[in-house]
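First up is the structure itself, then whatever we jot down about it.
The sequence lines fix the lettering, A, B, ..., with proteins before strands; numbering per chain opens at 1. Since we're looking at a predicted model, the values are computed, not measured.
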2 protein chains.
Amino acid sequence: MPRLLRTEQEQSLTETRGPEYLEILARGLRVVTAFDADRKEMTLSEVASVAGLTRATARRALFTLESLGYVESDGRQFRLTARILNLATAYLSSNGIPAAAQPVVERVSRTIAETCSVGVLDQRDVVFVARASPRRIVSVDLAIGYRLPAHATSVGRALLSGLDGEALDAYLATVEMTKLTPRTVADTSVLRAAIITAREQGYCIVDEEAELGLRSAAVPVRRYDGAVPCAIQVGVRTELVSIGRIHDEILPVLREAAAELGRALV
Amino acid sequence: MPRLLRTEQEQSLTETRGPEYLEILARGLRVVTAFDADRKEMTLSEVASVAGLTRATARRALFTLESLGYVESDGRQFRLTARILNLATAYLSSNGIPAAAQPVVERVSRTIAETCSVGVLDQRDVVFVARASPRRIVSVDLAIGYRLPAHATSVGRALLSGLDGEALDAYLATVEMTKLTPRTVADTSVLRAAIITAREQGYCIVDEEAELGLRSAAVPVRRYDGAVPCAIQVGVRTELVSIGRIHDEILPVLREAAAELGRALV
């Protein structure tokens with residue numbers, strides 16, 4: 001898991017990346033990720049400011065992205081187009097996990113009538129690559145691509161339980177213990193103990209550390225070679241589902257689903 | 001809709017793009033989209049070949065994408081990482097249509113117990129940006145980013161019905177009439193008539209032109225300013241749902257959903 005440390009490397013090695021590093025490509029991708037729910041449309045100056053680029057560089061990146069159909073504009077305001085989804089499709093269809101996981105999360109979600117997700121580790125975050133809800137109560141909830149800090153989530157700790165000692169040390173040495181709720185774990189020794197417990201038990205339960213009112217249980221998905229490429233999780237409202245019911249009703253279903261998904265990942 | 005003609009422009013203007021065009025950015029994005037279900041992992045040589053790049057350029061693009069966490073490798077085989085989904089999230093959260101459409105397609109899907117989707121036009125294709133199924137029968141079915149040629153689909157013709165005369169002429173002058181099934185419309189004059197009928201009727205029904213055994217109905221979603229930024233569609237199995245039932249049961253629900261979605265898009 002050398003990628004766990006890359007963010008620091010990125011920050012410190014700007015000058016030493018060498019001639020193989022294509023700064024223009026990196027800047028173009030920064031222009032894409034500058035857009036979000038609060039910045040749906042931006043002027044050239046706004047894009048430059050958010051992406052941390054000069055106006056000249058931002059203009060060339062936007063012009064190029066527009067030529068390729070990834071961006072459209074009225075000449076003043078720029079916005080991303082649906083063509084951007086081609087990039088996601090490249091990942092979703094080329095990575096075996098989302099395709100294998102989708103039918104599994106749908107079946108789990110129907111079986112226990114709760115939301116079920118599969119996540120993968122991306123540096124210090126969990127990224128959800130499959131999700132199914134029995135019925136969406138919260139209306140807008142991105143099915144894929146949603147990310148949360150791994151340390152505060154059951155699926156994150158289940159994924160971290162698959163790291164070897166060295167990779168886990170590297171993670172713990174650099175993790176930022178962002179508190180998502182007052183109950184989020186506050187120090188790395190407690191976190192390390194929770195991850196080791198998750199490894200020994202083969203599951204992890206997290207109570208209101210990612211979101212108040214939310215309880216979640218996750219099981220690491222082990223591949224034939226022992227690696228943990230993803231983990232499967234169910235989230236429930238604390239007032240509706242007790243820890244006891246998670247143990248009795250949800251964990252058996254999750255364990256079976258994790259075993260099935262593990263066999264499907266070759 | 002000047003973007004409809006851009007593909008030809010892209011092909012012919014390679015030399016005249018001028019100094020504003022960042023070839024390196026374009027090549028990096030080509031590396032990303034080189035991956036797909038048949039090319040989950042590739043060597044440097046394979047990436048270069050599929051993306052149409054020299055080995056040196058492909059190596060630098062892969063190195064840069066790996067530095068940024070979008071690609072990972074064991075030194076020989078390269079594959080995309082979940083970080084790619086950040087780019088999709090940038091679109092999904094910055095464009096109002098997916099977020100507004102998701103609860104609408106979910107409600108329609110529950111109401112009539114069929115799959116409901118919302119699509120947008122991307123040059124000559126429809127790209128689906130929201131989708132809900134009452135229960136997935138086909139197990140792997142990407143909820144977003146899936147694309148089909150607009151001319152063969154109800155949602156595509158509903159979108160094309162929103163083009164003004166000039167943009168429709170431009171589309172028809174350059175569309176490739178790919179036959180997806182033996183029943184796909186074969187010539188542009190028939191297609192033009194179908195699009196004009198869709199505009200006059202405010203809906204479009206397509207029977208087995210996109211896929212044998214599949215019938216679909218779509219309604220254009222009109223925004224306050226008269227533009228048609230997206231269309232909403234329901235697909236049914238031909239052996240289960242007659243055209244008459246589409247008229248009686250599905251179109252009224254779709255019309256209402258389209259009106260609601262149109263009001264939500266400001």
Counting heavy-atom pairs under 4.5 angstrom with chain A, the leader among B/A26, B/A88, B/S94, B/A61 is B/S94
Of the listed A/A90, A/G28, A/G96, the one with the largest count of heavy-atom pairs under 4.5 Å with chain B is A/A90
Counting heavy-atom pairs under 4.5 Å with chain B, which one of A/V32, A/T64, A/L80 comes out on top?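 The residue among A/V32, A/T64, A/L80 with the greatest pair count is A/T64.
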When you measure from the side chain of [X] to the backbone N and O of [Y], does any donor-acceptor pair fall under 3.5 Å?
X	Y	result
A/R30	A/A51	yes
B/D122	B/D125	no
A/S67	A/F63	yes
A/S109	A/E114	yes
B/R147	A/L85	no

dist B/I84:CD1 -> B/R79:CZ (nearest 0.5 Å) comes out at 13.0 Å
Heavy-atom nearest pair, A/T33 first then B/L87, reads CG2-CD2, 3.6 Å
Taking every heavy atom of B/A257 against every heavy atom of B/I232, the minimum-distance pair comes out as CB-CD1, 3.9 Å
Chain A contact via B/R107 - which portion, at a heavy-atom distance below 4.5 Å: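 Neither the backbone nor the side chain of B/R107 comes within 4.5 Å of chain A.
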Query raised in the report: Quick one: what part of B/A34 sits under 4.5 Å from any heavy atom of chain A, side chain, backbone, both or neither?
Result: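 When you check distances to chain A, no heavy atom of B/A34 falls under 4.5 Å.
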Under 4.5 Å to a heavy atom of chain B? For A/I97 that would be neither
* Salt-bridge present (B/R59, A/E20; N to O < 4.0 Å) -> yes
Side chain to side chain contact (heavy atoms under 4.5 Å, CB included) partners of B/A82, counting only residues at least two apart
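If we apply the side chain to side chain contact (heavy atoms under 4.5 Å, CB included) test to B/A82, skipping adjacent residues, the hits are A/Y91, A/V120, A/V127, A/V129.
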task = Under the side chain to side chain contact (heavy atoms under 4.5 Å, CB included) rule, collect the residues that match up with B/E256, sequence neighbours excluded.
result =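 Partners of B/E256 under the side chain to side chain contact (heavy atoms under 4.5 Å, CB included) test: none.
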**Message:** Parallel, tilted or perpendicular: which one describes the rings of B/Y146 and B/F128, with boundaries at 30° and 60°?
**Reply:** parallel
Among residues 35-43 of chain A, which ones touch chain B with a heavy-atom distance under 4.5 Å?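 Hits under 4.5 Å: A/F35, A/D36, A/A37, A/R39, A/K40.
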Ordered numerically, the heavy-atom neighbours of chain B under 4.5 Å found in residues 148-159 of chain A are none
